[in-house]
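Structure first, commentary second.
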Amino acid sequence: AQSVTQLGSHVSVSEGALVLLRCNYSSSVPPYLFWYVQYPNQGLQLLLKYTSAATLVKGINGFEAEFKKSETSFHLTKPSAHMSDAAEYFCAVSFTGGGNKLTFGTGTQLKVEL
Amino acid sequence: DGGITQSPKYLFRKEGQNVTLSCEQNLNHDAMYWYRQDPGQGLRLIYYSQIVNDFQKGDIAEGYSVSREKKESFPLTVTSAQKNPTAFYLCATEGPSGRNSPIYNEQFFGPGTRLTVL
C-alpha cells in the first residue's frame with residue numbers, strides 16, 4: 001500500500017530563511033507525488049507535482065521539490081521564506097497520473113517569524 | 001466564474017440529525033471526491049465518483065452517503081450513524097491542470113464546509 005510520512009507537524013522559520021518541509025513515501029510501484037498548500041479555513045491548492053518527467057520540480061510561489069528515489073523522499077523547499085508562506089502543507093501520493101485516490105500525509109504547519 | 005462551490009461555509013447540527021453538504025462544480029470535470037479533514041490527520045477519502053450515476057466508497061465511508069445524479073453536483077449526507085461527524089469537509093474534482101508540461105490531471109478543491117455537531 002502507498003503512504004506518505006511528513007516529518008514535523010510544525011516548522012518555524014525566520015522570514016528570509018530557507019524553508020524545508022520533509023516528505024517520505026512508501027510505494028511498491030513508481031509514484032506520482034504532490035505538494036498542496038492550505039490557508040486557514042480554505043481548500044487545498046496544488047503547489048507542484050512529480051510525474052516522472054523530471055526529478056526537480058518547480059512549482060508556484062517559488063517552491064520546488066526534488067524526487068530522490070534512493071531516499072524515497074520528495075522534500076519541499078523555498079530559498080527565502082515570506083510571511084505569506086505561513087500555511088499548512090500536505091504531501092500526497094498516487095499511482096496514477098490522474099491524481100486518482102490521493103493518499104495524504106498528516107500535514108506540516110509552517111510558521112514564518114519576523 | 002469557474003470553480004467549485006461548497007455551501008454553507010459553516011454548519012451546525014444537533015446530534016442524531018442527518019445533514020447534507022452541497023458540492024457544485026462548473027469545471028465540466030467527470031470525477032469528484034469527498035474528503036474529511038481532522039487536525040493532525042490530513043485528508044481522508046470518504047467517497048468518490050468517476051462518472052454520473054456511479055460512485056465508490058473511500059477509506060472512511062461508514063456513516064456517510066452520496067449521490068451523483070448530475071455531473072455538476074455531488075452532495076454528501078452525514079448520517080446519524082457517523083459517530084464523530086464534527087470535521088472540515090472538502091470536495092474536489094479531477095481534471096487537466098494545463099499548468100505544467102506534460103499535462104496531467106490534478107485534483108481541484110472547493111473551499112470546504114466546517115460541520116459542528118452539538
Side-chain angles (χ1 to χ4, degrees), chain A residues 1-10 21 23 25 30-54 56-61 63-65 87-109, chain B residues 3-6 8-11 23 25 29-51 55-61 87-116:
Chain A
Q2 59 193 18
S3 66
V4 288
T5 301
Q6 291 184 242
L7 285 173
S9 58
H10 291 80
L21 304 181
C23 173
Y25 69 90
Y32 293 99
L33 293 157
F34 305 78
W35 274 102
Y36 283 86
V37 61
Q38 184 183 36
Y39 298 98
N41 291 312
Q42 294 186 26
L44 276 67
Q45 180 184 11
L46 182 68
L47 278 176
L48 50 80
K49 61 191 173 192
Y50 167 74
T51 56
S52 76
L56 182 62
V57 183
K58 294 188 182 297
I60 61 172
N61 301 340
F63 284 93
E64 62 181 37
E88 189 157 23
Y89 292 81
F90 292 93
C91 182
V93 64
S94 170
F95 288 125
T96 67
N100 190 16
K101 295 191 69 177
L102 290 170
T103 299
F104 285 87
T106 53
T108 297
Q109 187 72 43
Chain B
I4 303 167
T5 304
Q6 290 188 247
K9 181 76 172 174
Y10 299 94
L11 190 55
C23 178
Q25 57 110 350
H29 290 167
D30 287 314
M32 298 185 73
Y33 301 80
W34 273 107
Y35 293 93
R36 170 183 172 136
Q37 185 178 14
D38 297 281
Q41 295 194 48
L43 278 72
R44 293 180 289 169
L45 182 64
I46 306 172
Y47 267 97
Y48 64 103
S49 168
Q50 300 282 34
I51 199 166
F55 49 84
Q56 287 80 41
K57 293 181 178 180
D59 300 320
I60 56 165
F88 190 49
Y89 290 87
L90 287 160
C91 177
T93 67
E94 181 187 328
S97 64
R99 186 190 300 160
N100 299 329
S101 176
I103 295 174
Y104 289 102
N105 284 355
E106 69 175 79
Q107 289 192 16
F108 299 83
F109 286 81
T113 292
R114 187 167 296 281
L115 173 64
T116 302

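The sequence lines fix the lettering, A, B, ..., with proteins before strands; numbering per chain opens at 1.
Looking at A:Gln6, neither its backbone nor its side chain comes within 4.5 Å of chain B, counting heavy atoms on both sides. Heavy atoms of A:Gln109 lying under 4.5 Å from chain B are absent altogether. Using a 4.5 Å cut-off between heavy atoms, B:Leu90 contacts chain A through its side chain alone, with no backbone atom that close. Neither the backbone nor the side chain of B:Gln6 comes within less than 4.5 Å of any heavy atom in chain A.
Checking side-chain atoms of B:Lys9 against main-chain N and O of A:Asn41 turns up a donor-acceptor pair under 3.5 Å.
The minimum heavy-atom distance between B:Phe88 and A:Gln42, with the atom names listed, is CE2-O, 3.6 Å.
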- Between B:Gln56 and A:Lys101, is a side-chain contact (heavy atoms from CB on, under 4.5 Å) present by the stated rule, with each step listed? CA-CA 11 Å; B:Gln56 287 80 41; A:Lys101 295 191 69 177; over 6 Å; no
Subject >> side-chain contact (heavy atoms from CB on, under 4.5 Å) between A:Gln38 and B:Phe109, intermediate numbers included >> reply: CA-CA 10 Å; A:Gln38 184 183 36; B:Phe109 286 81; over 6 Å; no
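Applying the salt bridge (charged side-chain N to carboxylate O under 4.0 Å, His left out) test to pairs two or more places apart or on separate chains, none has a residue in residues 33-45 of chain A.
Counting heavy atoms from C-beta outward, B:Gln37 and A:Phe104 have side chains that stay 4.5 Å or more apart.
Rounded to the nearest 0.5 angstrom, B:Glu94 CD and A:Leu102 CG are separated by 8.0 Å. In this structure, the separation between CD on B:Glu106 and CG on A:Leu48 is 11.0 Å, given to the nearest 0.5 Å.
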